[in-house]
Amino acid sequence: SKRQYNTYHLADGAPVVARAVAAAEKLGFAPHIMGSGGGSDANILNEAGIACAVLSTGMANVHTPQEQIAIADMVNAARLLAEIVAGDVR
């Protein structure tokens with residue numbers, strides 16, 4: 001069978017990772033950097049040379065009929081994304 005995507009690895013100090021960590025810390029979140037072990041759009045983007053990291057949204061029971069997320073976690077994920085995109089984190 002044909003491979004659907006290739007794996008990738010971003011160093012902890014990679015600019016895209018550092019920006020996400022800085023944004024999380026600015027908002028008072030404690031970031032945890034870890035590999036996902038799965039496939040996502042980030043695999044395709046990284047392969048195309050566009051550095052991209054996956055952000056967890058705090059979902060529970062992922063990929064099951066009981067998949068869910070607390071509204072507060074979704075709000076915080078949106079706040080984090082807004083800070084990454086528009087914030088002054090260097």
Open item on the list: Is it the case that over 12 heavy atoms from other parts of the model lie below 6.0 angstrom from the CD atom of E67?
Closed with: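 Result for CD/E67: enclosed.
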For [X], all residues meeting side chain to side chain contact (heavy atoms under 4.5 Å, CB included), sequence neighbours excluded:
X: Q66; result: N61, T64
X: A82; result: none
X: S56; result: none
X: A24; result: F29, P31, L80

TODO: Quick one: closest heavy-atom pair of A20 and L55, and the distance?
DONE: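 Looking at all heavy atoms of both residues, the shortest contact is CB-CD2, 4.2 Å.
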Task: Least distance between heavy atoms, N46 atom then C52 atom - done: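 Taking N46 first and C52 second, the nearest heavy atoms are ND2-O, 2.8 Å.
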Task: side-chain hydrogen bond (donor to acceptor under 3.5 Å, both in side chains) contacts touching residues 6-15 (sequence neighbours left out) - done: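 As it turns out, the side-chain hydrogen bond (donor to acceptor under 3.5 Å, both in side chains) pairs with a partner in residues 6-15, which skip direct neighbours, are R3-N6, N6-E47.
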Task: Pairwise side-chain hydrogen bond (donor to acceptor under 3.5 Å, both in side chains) hits with a residue in residues 71-80, at least two apart - done: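 Checked against side-chain hydrogen bond (donor to acceptor under 3.5 Å, both in side chains) - neighbours excluded - the pairs reaching residues 71-80 are N76-R79.
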Cluster partners of [X], using ILVMFWY side-chain heavy atoms under 4.5 angstrom, listed by chain and number?
X: V62; result: M59, I69, M74
X: I71; result: V75
X: I50; result: L45
X: Y5; result: I44

- [ ] Tell me whether V17 is reachable from I84 by hopping between hydrophobic residues (I, L, V, M, F, W, Y) whose side-chain heavy atoms are closer than 4.5 Å.
- [x]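 Per the 4.5 Å side-chain linkage, I84 and V17 are not co-clustered.
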